[in-house]
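Heads up: the structure comes next, in structure tokens.
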Amino acid sequence: MRFSRMLLPTLKESPSDAGVISQNLMMRSGMIRKVAAGIYNLLPLGLRVITRVENIVREEMNRAGAQEVSMPVVIPAELWKESHRWDEYGKELLRLRDRHGREFCLGPTHEEVVTDMVRREVRSYRELPVNIYQIQTKFRDEIRPRFGLMRGREFTMKDAYSFHATDECAEREYRNMHDAYCRIFERCGLEFRAVEAETGNIGGRFSHEFMVLAETGEDAIASCSACSYAANTERAEIRQPDETASIHAPKPIETVSTPGKKSVEEVSAFLKIAPSRLIKTLIYDTDKGVAAALVAGNYDLNEMKLTRALDAAWVKLSDEDTVKKTSNAPIGFAGPVGLKADIWADYSVKGMVNGVTGANSADAHLINVCEGRDFKAQFADLRVVAAGDACPRCKGTLEIHRGIEVGHIFKLGTKYSEAMSATFLDAAGKERPFIMGCYGIGVGRTAAASIEQNHDDLGIIWPRPLAPFSCEVVPVNVADEGTRKAAEGLYESLNASGIETLLDDRDERAGVKFKDADLIGIPVRVTIGERNLKQGLVEIKERRAKEARLVKVEEAAATVAGLLKQA
RNA sequence: CGGGGCGUAGCGCAGCCUGGUAGCGCACCUGCUUUGGGAGCAGGGUGUCGGAGGUUCGAAUCCUCUCGCCCCGACCA
């Protein structure tokens, strides 16, 4: 491709609305342009990268035995009503009507459509298992789209769905997909972790997220320094601490005045006591009634864990009225002592001696509160994991990293097949619902994540498998006949040997071309200038390297090929 | 949905407070010079000042409404 003929509008200045590096560099390198909030045009350079990712995904999915299909973007409401998600999914589901007033939605994911497809066509266990996937545009009406392709409303996703006769078969496929995903992200040159995750409103029994490690990631993951345990912090468990005797001797409980001191920070500063000695008491409404949850002041409560501990369908922080009714005090002064509610406590509260809690009356706290002596609670792992917490699987400790979720695999079970009566006949002639799995990859997000991991001050540094071109040829001065001829010759021989090459044949100054080359980040650059050419030499530089090397013109193509063969 | 901010040339911004000829840098076009890290000189074009209504002799500027976008929060595969 010739730069002069390509729609490749690079930007010297950063766009004012770029929130993360990948968005900034995608805009500046002319890969994407915004059309509306969370909706983008992919320009030629951007599409090339996306296509690279798609092809890697496609190859590995096919290799893993999945079959590619294409399902509609516009989906009739009735399918979503069958699964009950028409009501459950919320405003992220963009709904619309056709000219007859019939209801449709734009597909944010395709469990319903694929389940409908399979239930129509598959009758017997003999036809199972099947794994069906597509690489397709999805639409989710995100509350707050941001960060370019990282969290758009319209985006490209690979979504796969598998159908099985038995649980063992479904789990085998889950592992198969896990391995395929690892191959995909390895081939993309990404540093990633597969972590245990929450299933959210896709539903299902268990799931893993594939997280690309990056400071700008929107998710936090906990991983063990000693073993392979890794989980989203939404889910990460904490090993129950060993019982240790308190170094404090229990003192008699006392009420102290704490006017207007509601938050942990305010109370701990006012009483000059470490936040870890405070017991935070949170009042929750749940489908099982009002419950109190306790956690040490230096930790956060994890509502998912509380929900599981209570065996509740949902929990929600209570409003002011309920808090007043339950604790006889405004928000900020609740405590477990004498509280009339179901009390659950995190292990961080276990064995607490001489702690501080709300007094269940306005502007007062209790000091020297001892767990067991002054109140009783049911204990569970209820808090959000923090760095240094004990690994649930071994004796190691957990580290916290930030990550970008690029893939997510779910073992769904029969949630959709039961709701939608999608069944097959087993060997005994008995009708059974399909056991399902689903497996997603954010294609644009994967490209964005790659930039987050591979860039420097000057621009993108594409790993070879995702690079829009493999090699860029830069004639320093196209006005010079010899330079131009050498560049054209090299361009042709590189292309002829199957190396996709960008020739910067623009009549621009060298500095402009070098800046653009660094910005766009093509792995190998060949610079052809008059001075070196007089000695029959050209300069070859890898984007990631500091130094360039000089080689003979005749050897340039072979040298480039050699560099590209290395990983 | 709550809080905050921004819409002025293709991009980045000033002007608005205190109403009076719409500006700067980059980009773009022409010519000459220049040609290894975002060139120099000269000349040139560029705007519904986001939109609608209002106040005023006069509105980018003040007021009202509205649309779009960004940030923080709530929410979320």
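Chain naming here is simple, since letters A, B, ... match the order of the sequence lines and numbering starts at 1 in each. Just so you know, these numbers use all the heavy atoms, side chains as well, and skip hydrogens, waters and symmetry mates. All values derive from a computational prediction rather than experimental measurement.
Summary of the strand contacts: A:Arg151 and A:Gly38 both lie near RNA chain B, and taking for each the nucleotide with the nearest heavy atom, the more 5' one is attributed to A:Gly38. Position along RNA chain B of the nearest nucleotide to A:Glu234 versus A:Arg153 favours A:Arg153 as the more 5'-ward residue.
The pair A:Lys138-A:Asp159 meets the salt-bridge criterion, with a side-chain N (NZ, NE, NH1 or NH2) lying under 4.0 Å from an Asp/Glu carboxylate O. Salt-bridge formation is not detected for the pair A:Arg544/A:Asp456: no Lys NZ or Arg NE/NH1/NH2 atom is positioned less than 4.0 Å from an Asp or Glu carboxylate oxygen.
Per the geometry, NZ belonging to A:Lys91 stands 11 Å off C1' belonging to B:C75, to the nearest Å. Straight-line distance from the CZ atom of A:Arg506 to the P atom of B:A27: 13 Å, rounded to whole Å. Atom-to-atom, CG of A:Asp518 to C1' of B:G37 comes out at 8 Å; the value is rounded to the nearest Å. Atom CG in A:Asp504 sits roughly 14 Å away from atom C1' in B:U35 (whole-Å rounding). Atom CG in A:Leu43 sits roughly 14 Å away from atom C1' in B:G10 (whole-Å rounding). The interatomic distance linking A:Glu92 (CD) with B:C1 (C1') rounds to 15 Å, in whole Å. Atom CE in A:Met27 sits about 11 Å away from atom P in B:C70, given to the nearest Å. Whole-Å rounding puts the A:Leu11 CG to B:C13 P distance at 12 Å.
B:A42 is paired with B:U30 under the criterion used here, namely a Watson-Crick or G-U wobble arrangement in which both key atom distances are under 3.5 Å. As the counterpart of B:G19, no nucleotide is assigned, since no Watson-Crick or G-U wobble pattern has both distances under 3.5 Å. Shown here, B:G73 forms a base pair with B:C1; the pair counts as Watson-Crick or G-U wobble because both key distances fall under 3.5 Å. Judged by Watson-Crick or G-U wobble contacts below 3.5 Å, the nucleotide B:G58 has no partner. B:C24 is paired with B:G12 under the criterion used here, namely a Watson-Crick or G-U wobble arrangement in which both key atom distances are under 3.5 Å. Across all strands shown, B:G7 forms a Watson-Crick or G-U wobble pair, both distances under 3.5 Å, with B:C67.
Listed nucleotides B:U35, B:C71, B:A39 differ in distance to A:Arg146; the shortest reach to its side chain belongs to B:C71. The A:Ser16 side chain lies nearest to B:C13 when the options are B:C13, B:C69, B:G36. Among the nucleotides B:C70, B:G36, B:G38, the one closest to the side chain of A:Arg531 is B:G36. Ranking B:C70, B:C26, B:G36 by closeness to the A:Lys12 side chain, first place goes to B:C26. Among the nucleotides B:C72, B:C69, B:C13, the one closest to any side-chain atom of A:Ala36 is B:C69. For A:Lys515, the listed nucleotide lying nearest its side chain is B:G38; candidates were B:C76, B:C69, B:G38. Across B:A74, B:G36, B:C76, the shortest atom-to-atom separation from the side chain of A:Ile143 is found for B:A74. Set against B:G38, B:C70, B:A39, the side chain of A:Asp17 has B:C70 as its closest nucleotide.
One finds the CE atom of A:Met1 at 10.5 Å from the CG atom of A:Leu503 (value rounded to the nearest 0.5 Å).
For B:A39, one of the phosphate oxygens OP1 or OP2 lies less than 4.0 angstrom from a side-chain nitrogen or oxygen of A:Arg509.
Spacing between B:U35 and B:G51 at atom C1', rounded to whole Å, works out to 48 Å. Of the P atoms belonging to B:C72 and B:G31, the separation is 48 Å, rounded to the nearest Å. Spacing between B:G5 and B:A9 at atom P, rounded to whole Å, works out to 22 Å. Between B:G44 and B:U8, the distance separating the two P atoms is 26 Å to the nearest Å. Between B:C13 and B:A27, the two C1' atoms lie 14 Å apart (nearest whole Å). On the P atoms, B:C70 is 27 Å away from B:A60, given to the nearest whole Å. A gap of 16 Å separates the P atoms of B:C41 and B:C24, to the nearest Å. Atom name P, nucleotides B:G2 and B:C65: the rounded distance is 15 Å, in whole Å.
The residue A:Tyr439 sits apart from the nucleic acid: no heavy atom pair falls under 4.0 Å. Within 4.0 Å (heavy atoms only), A:Asp480 reaches no atom of the nucleic acid at all. Within 4.0 Å (heavy atoms only), A:Lys513 reaches no atom of the nucleic acid at all. Heavy atoms of A:Glu142 sit nowhere under 4.0 angstrom from any nucleic acid atom.
For A:Glu13 and B:G25, a side-chain-to-base donor-acceptor distance below 3.5 Å is present, hydrogens and geometry of angles not being considered. The base of B:G36 lies outside donor-acceptor range of the side chain of A:Asn477, with no N or O pair under 3.5 Å. Side-chain atoms of A:Arg144 and base atoms of B:G2 include no donor and acceptor less than 3.5 Å apart. The base of B:G38 does not come close enough to the side chain of A:Glu508 for any donor and acceptor atom to sit less than 3.5 Å apart.
Relative to the ring axis of A:Trp86, A:Arg95 places its NZ or CZ within 45° and under 6.0 Å from the centre.
Using a 3.5 Å distance cut-off with no hydrogens or angles, the side chains of A:Tyr416 and A:Arg119 do not pair a donor with an acceptor. In the model, A:Thr527 has a side-chain atom that pairs as donor or acceptor with a side-chain atom of A:Arg525 under 3.5 Å. The closest side-chain donor-acceptor pair between A:Glu452 and A:Thr216 falls under 3.5 angstrom.
Side-chain contact check for A:Val474 versus A:Val526: every heavy-atom pair is 4.5 Å or farther apart.
In summary, the aromatic rings of A:His208 and A:His178 are positioned with their centroids under 6.0 Å apart.
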